[in-house]
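These notes concern the structure reproduced below.
Within every chain, numbering begins at 1; the chains are lettered A, B, ... in the order of the sequence lines, protein sequences first and strands thereafter.
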Protein chains: 2
Amino acid sequence: MGATTEDPKQRTTMPRPRTFDEDDVIDRARKAFAETGFAGTSLDTLLEATGLARQSLYNAFGGKKELFMRAFLSDTAEAVEAVESVRHGEDSPITRIRRQLVKVAVEHGEAKAAPSLFTKAAVELSSHDPEVASAVATAFDVMSRHYAACIAEAQGAGEIDAGADADSLGTYFCAVIEGMSTLGGAGVPRATLLDIGLTSLTAVPVTDLGREHLGTGEGDWS
Amino acid sequence: MGATTEDPKQRTTMPRPRTFDEDDVIDRARKAFAETGFAGTSLDTLLEATGLARQSLYNAFGGKKELFMRAFLSDTAEAVEAVESVRHGEDSPITRIRRQLVKVAVEHGEAKAAPSLFTKAAVELSSHDPEVASAVATAFDVMSRHYAACIAEAQGAGEIDAGADADSLGTYFCAVIEGMSTLGGAGVPRATLLDIGLTSLTAVPVTDLGREHLGTGEGDWS
DNA sequence: CCCGTTCTTGACCAATCGGTCCAGCTCGTC
DNA sequence: GACGAGCTGGACCGATTGGTCAAGAACGGG
């Protein structure tokens, strides 16, 4: 696999360059797989979606499954990265978590929106494919920890009751977001998703101080 | 479709009886589809799982898609029915909701457990198949209302703060359960799921009276 | 300007897909 | 016990599946 990224200057002769951008192909493939799943997306559909020819896909990625894994891992990494921003934001921790919940509601509440590839792959494959399963488990774990750390930070700042179980709340928010993603893909409207997200926040025992800090940074979500 | 359930006494001659039970076949098909999804389950796999012959499946149900819908609708009805019991239980409303959450955690937290066909179909098909989408939406709506009614009842009994939004909490619990189902299918252990379910209950503003009633009917979940 | 290397193109492959056809079987009725 | 109903089992279908092969095109270095 590494052959595609080797330094071309060390070569004696220069091969024909690719007419496509690998990351771009992965991104298109991600959308295609997110729409119809792994088994439901044929190679032909994939070729049309990515624009490249059969053999090109084959010797650039190795096959359908390999391309799927690239797309899936890419989506997973992006999902984790999105949660990182929650961890390292600037404003108060609870506000950051709330913003994340709102963001998920907005993203998955569009009428056309399908579930993320992460969710789709988790449901479709993780019970049979160990590679997918472990990637899902790891991502889930990392996200949980980010949320938990965020809550612990808020506890340190006195915004959340010190008696609350940060770890439990962390995994809990992962589950809520997973549920929102699933429901959003099933056609549940944005407003309902938003309601769910905000209701889930109720499980966090916010202190009076925290309540003061909350209510800022609402953001616009048309 | 009704031909299979017509009254045989009205016939002049009596045909060869089926060697299989229709409901039993649907149940086996449900398991098969729940394991590998719609696109991922071939007719041959289905035939092996149900035990019946190609043509038998065809003229008893109509085809792969039709059998899938029967299985999917059956699973959906069962899921809704399970929530009904929450609505009409005997002990205090919050205890009933908690029992449901625990039940979901236990059922989906088994190591071998795959997501329910309801969840799987919702994720895989509801964005492209209107029939699946509407069934999912309806089921989601009915479940939400059951939970909401249960909470409203608890409010009437003074177990839950009257200021709480019962409808929001209803849809919220649906989302949490959906998330638990997804996570369970992805391999998250039972204890974690249980933790999620119990944490989600924290979003309900239980009164002092309610707290008294809670803590009973724990049930055994090995 | 020829070289080697890699990419592209389209034909091609066996396997499998969901679905159909038909011959034979098994019933209750007459 | 012959009949016609519907069920059964296996052969069979064209279409599509994921994957491969071979011939040619594009490129920079020599």
Side-chain angles (χ1 to χ4, degrees), chain A residues 1-26 28-29 32-33 36-71 124-125 128-129, chain B residues 1-26 28-29 32-33 36-71 124-125 128-129:
Chain A
M1 65 152 78
T4 59
T5 46
E6 266 174 23
D7 186 9
K9 288 162 197 159
Q10 306 245 352
R11 236 167 247 309
T12 56
T13 63
M14 209 57 179
R16 180 178 181 177
R18 285 180 174 161
T19 59
F20 60 89
D21 176 36
E22 196 158 308
D23 290 336
D24 184 53
V25 167
I26 290 180
R28 291 172 191 270
F33 279 127
T36 42
F38 176 73
T41 307
S42 74
L43 251 192
D44 295 288
T45 307
L46 225 39
L47 297 179
E48 197 188 358
T50 59
L52 39 73
R54 233 176 173 72
Q55 182 73 12
S56 301
L57 185 150
Y58 186 77
N59 56 14
F61 299 99
K64 183 189 178 184
K65 181 73 197 299
E66 284 76 12
L67 176 55
F68 175 82
M69 286 308 297
R70 292 285 292 273
E124 183 184 357
L125 300 173
H128 292 296
D129 188 321
Chain B
M1 65 153 76
T4 59
T5 46
E6 268 173 22
D7 186 7
K9 289 162 198 162
Q10 306 246 351
R11 242 167 241 309
T12 56
T13 63
M14 209 61 177
R16 181 178 179 178
R18 286 179 174 161
T19 60
F20 60 89
D21 176 37
E22 196 159 307
D23 289 337
D24 184 54
V25 167
I26 290 180
R28 291 173 191 270
F33 279 126
T36 41
F38 176 73
T41 307
S42 73
L43 252 192
D44 295 289
T45 308
L46 225 37
L47 297 179
E48 196 188 0
T50 59
L52 39 73
R54 233 177 172 69
Q55 183 72 13
S56 301
L57 185 150
Y58 187 76
N59 55 17
F61 299 98
K64 184 190 179 185
K65 181 72 196 300
E66 285 76 13
L67 175 56
F68 174 83
M69 285 308 297
R70 293 284 293 273
E124 183 185 358
L125 301 173
H128 292 295
D129 188 321

Item to check | For atom CZ of F38(B) and atom C1' of dC17(C), their distance in whole Å | outcome: 12 Å
Item to check | Distance, rounded to the nearest Å, where E48(B) contributes CD and dG9(D) contributes P | outcome: 15 Å
Next on the checklist: Could you tell me how far apart Y58(B) (OH) and dC7(D) (C1') are, to the nearest whole angstrom?
Outcome noted: 16 Å
Next on the checklist: What verdict does the salt bridge (Lys or Arg N to Asp or Glu O under 4.0 Å) test give for R28(A) and D23(A), after you've listed the backbone C-alpha separation in whole Å, the side-chain angles of each residue and the deciding distance to 0.1 Å?
Outcome noted: CA-CA 9 Å; R28(A) 291 172 191 270; D23(A) 290 336; over 6 Å; no
Item to check | Backbone N/O of Y58(A) and side chain of K64(A): donor-acceptor pair under 3.5 Å | outcome: no
Item to check | Separation of dT20(C) P from L57(B) CG (nearest whole Å) | outcome: 12 Å
Checklist entry - Under 4.0 Å between a side-chain N/O of S42(A) and OP1 or OP2 of dT17(D), yes or no? => result yes
Checklist entry - Where the side chain of S56(B) is defined as all heavy atoms beyond and including C-beta, which of dT8(C), dG18(D), dT8(D) is the nearest nucleotide? => result dT8(D)
Item to check | Within-4.5 Å side-chain heavy-atom neighbours: V25(B) and R70(B) | outcome: no
Checklist entry - Given atom CG of N59(B) and atom P of dG19(C), what is their separation to the nearest angstrom? => result 13 Å
Checklist entry - Is there a donor-acceptor pair closer than 3.5 Å between any side-chain N or O of S56(A) and the backbone N or O of L52(A)? => result no
Checklist entry - Taking the side chain of L43(A) as its heavy atoms from C-beta onward, which of dG19(D), dT8(C), dG19(C) lies nearest to it? => result dG19(D)
Checklist entry - To the nearest angstrom, how far is D44(B) atom CG from dT16(C) atom P? => result 9 Å
Item to check | Contacts of type side chain to side chain contact (heavy atoms under 4.5 Å, CB included), residue A39(B), not counting sequence neighbours | outcome: A39(A), E124(B)
Checklist outcome for this item: note: F20(A), atom CZ; dT8(C), atom C1'; distance rounded to Å ~ 10 Å
Checklist entry - Of the nucleotides dC17(C), dG18(D), dA11(D), which one has an atom closest to the side chain of R54(B)? => result dA11(D)
Checklist outcome for this item: Closest to the side chain of A53(A), out of dT17(D), dT9(C), dC17(C), is dT9(C)
Item to check | Global bending angle along the helix from dC1(C)-dG30(D) to dC30(C)-dG1(D), which compares the axes of five pairs at either end, to 10 degrees | outcome: 10°
Checklist outcome for this item: Between CG of L47(A) and P of dG18(D) the distance, given in whole Å, is 9 Å
Item to check | Check: L46(B) main-chain N/O paired with T50(B) side-chain donor or acceptor under 3.5 Å | outcome: yes
Item to check | Whether F68(A) and F38(A) hold their rings parallel, tilted or perpendicular, with breakpoints at 30° and 60° | outcome: perpendicular
Checklist outcome for this item: Contacts of Q55(A) and T41(A) projected onto DNA chain D by closest heavy atom; the upstream (5') one is T41(A)
